[in-house]
Amino acid sequence: QVQLVESGGGLVQAGGSVRLSCAASGNIFSISTMGWYRQVPGKQRELVATITRGDRTSYADSVEGRFTISRDNAKNTVYLQMNNLKPEDTAVYYCNVVIGTISERWGIYWGQGTQVTVSS
């Protein structure tokens, strides 16, 4: 059994900052790539950022230079620091983690989602 618990969403004014966290727990043997996606009503979920176990990062063009993804392997946690937020960043943010369990099965797991609302 694996769980992902997200925290850190909320309401922020344009130009402000928010930090999201996603902690994995359970029968975890290893964690590979970790990432964040976001979704607004009526649209497909889109990739925001990813980070490999070797700390290689990638970002969507729309957030490059404003968002920073990081991870703490000791805590099985991934973070998303979001700066200079814009109203178009308003969405539900989901963490996405590739996890290998103690039973040696790999799977893709999703967090429950956290709402980020940016007011103009």
Side-chain angles (χ1 to χ4, degrees):
Q1 192 83 4
V2 172
Q3 283 189 322
L4 298 183
V5 178
E6 298 182 29
S7 61
L11 175 64
V12 63
Q13 288 188 333
S17 298
V18 167
R19 189 192 195 206
L20 305 182
S21 300
C22 173
S25 62
N27 296 327
I28 297 171
F29 173 73
S30 182
I31 295 179
S32 180
T33 300
M34 308 178 87
W36 290 93
Y37 288 70
R38 65 187 181 186
Q39 188 170 25
V40 298
K43 292 189 176 182
Q44 284 190 329
R45 193 170 295 187
E46 65 171 357
L47 177 64
V48 175
T50 61
I51 184 168
T52 68
R53 187 166 179 83
D55 288 336
R56 180 173 297 180
T57 60
S58 65
Y59 297 92
D61 289 343
S62 59
V63 306
E64 182 83 50
R66 299 188 298 121
F67 291 10
T68 302
I69 189 171
S70 61
R71 62 192 286 169
D72 184 333
N73 293 327
K75 296 181 179 179
N76 291 338
T77 299
V78 61
Y79 305 96
L80 186 67
Q81 178 67 44
M82 303 187 290
N83 298 329
N84 190 21
L85 282 160
K86 304 176 181 180
E88 52 264 42
D89 294 317
T90 295
V92 177
Y93 285 73
Y94 298 89
C95 61
N96 172 280
V97 182
V98 180
I99 296 174
T101 64
I102 293 175
S103 59
E104 299 184 353
R105 291 186 175 182
W106 287 88
I108 300 173
Y109 296 85
W110 291 90
Q112 81 277 13
T114 185
Q115 177 72 46
V116 174
T117 302
V118 184
S119 62
S120 57

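None of these values were measured; they are calculated from a predicted model.
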Can you see which heavy atom on [X] is nearest to which on [Y], and at what distance?
X: Ala14; Y: Pro87; value: CB-CD, 4.2 Å
X: Gly111; Y: Leu4; value: N-CD1, 3.6 Å
X: Val78; Y: Met34; value: CB-CE, 3.6 Å
X: Gly8; Y: Val18; value: O-CG1, 3.1 Å

Joint cluster assignment, [X] & [Y], ILVMFWY side-chain distance < 4.5 Å:
X: Val92; Y: Val12; value: no
X: Val98; Y: Leu80; value: no
X: Ile99; Y: Tyr94; value: no

Q: Indicate yes or no: at least one non-hydrogen side-chain atom of Val116 is less than 4.5 angstrom from one of Met82.
A: yes

Q. Is atom CD of Gln81 surrounded by more than 12 heavy atoms (other residues, nucleotides or ligands) closer than 6.0 Å?
A. yes

Listed pairs under 3.5 Å, donor-acceptor, residues 39-46 side chains, sequence neighbours left out:
unit_1 : atom_1 : unit_2 : atom_2 : d
Gln39  : OE1    : Arg45  : NE     : 3.3
Gln39  : OE1    : Arg45  : NH2    : 3.4
Gln39  : NE2    : Lys43  : O      : 3.1
Glu46  : OE2    : Arg38  : NE     : 2.6
Glu46  : OE2    : Arg38  : NH2    : 3.3

Q.
By the disulfide bond (SG atoms under 2.5 Å apart) test, which pairs, at least two apart or in different chains, include something from residues 55-86?
A. none

Q | Of all pairs that satisfy disulfide bond (SG atoms under 2.5 Å apart), the ones with a partner from residues 1-103, not counting sequence neighbours | A | Cys22-Cys95

Q: Hey, could you give me each pair passing side chain to side chain donor-acceptor pair (under 3.5 Å) that has a residue in residues 20-31? Not counting sequence neighbours.
A: none

Q: Would you confirm whether Tyr59, through its side chain, and Ile69, through its main-chain N or O, come within 3.5 Å as a donor-acceptor pair?
A: yes

Q: Look only at the side chain of Glu6 and the backbone of Gly113, and say whether a donor-acceptor pair between them is shorter than 3.5 Å.
A: yes

Q: State which residues pass ring-ring contact (aromatic ring centres under 6.0 Å, His included) with Tyr37; sequence neighbours excluded, sorted by chain then number.
A: Trp110

Applying side-chain hydrogen bond (donor to acceptor under 3.5 Å, both in side chains), name anything that partners [X], two or more places apart in sequence or on another chain.
X: Gln112; result: none
X: Arg19; result: none
X: Thr101; result: Ser103
X: Gln115; result: Thr117

For residues 47-56, which side-chain donor-acceptor pairs fall under 3.5 Å, sequence neighbours excluded?
unit_1 : atom_1 : unit_2 : atom_2 : d
Thr50  : OG1    : Ser58  : OG     : 2.6
Thr52  : OG1    : Gly54  : N      : 3.3
Thr52  : OG1    : Asp55  : N      : 3.4
Thr52  : OG1    : Arg56  : N      : 3.0
Arg53  : NH1    : Ile31  : O      : 3.2

Q) Measuring from Leu20:CG to Phe67:CZ, what's the distance to the nearest 0.5 Å? A) 8.5 Å

Q: Hey, could you give me the OG/NZ distance between Ser120 and Lys86, rounded to the nearest 0.5 Å?
A: 14.0 Å

**Q.** ILVMFWY cluster membership beyond Tyr79 - transitive side-chain contacts under 4.5 angstrom
**A.** none

**Q.** Residues clustering with Val5 (ILVMFWY side chains joined when closer than 4.5 Å, directly or via others)
**A.** none

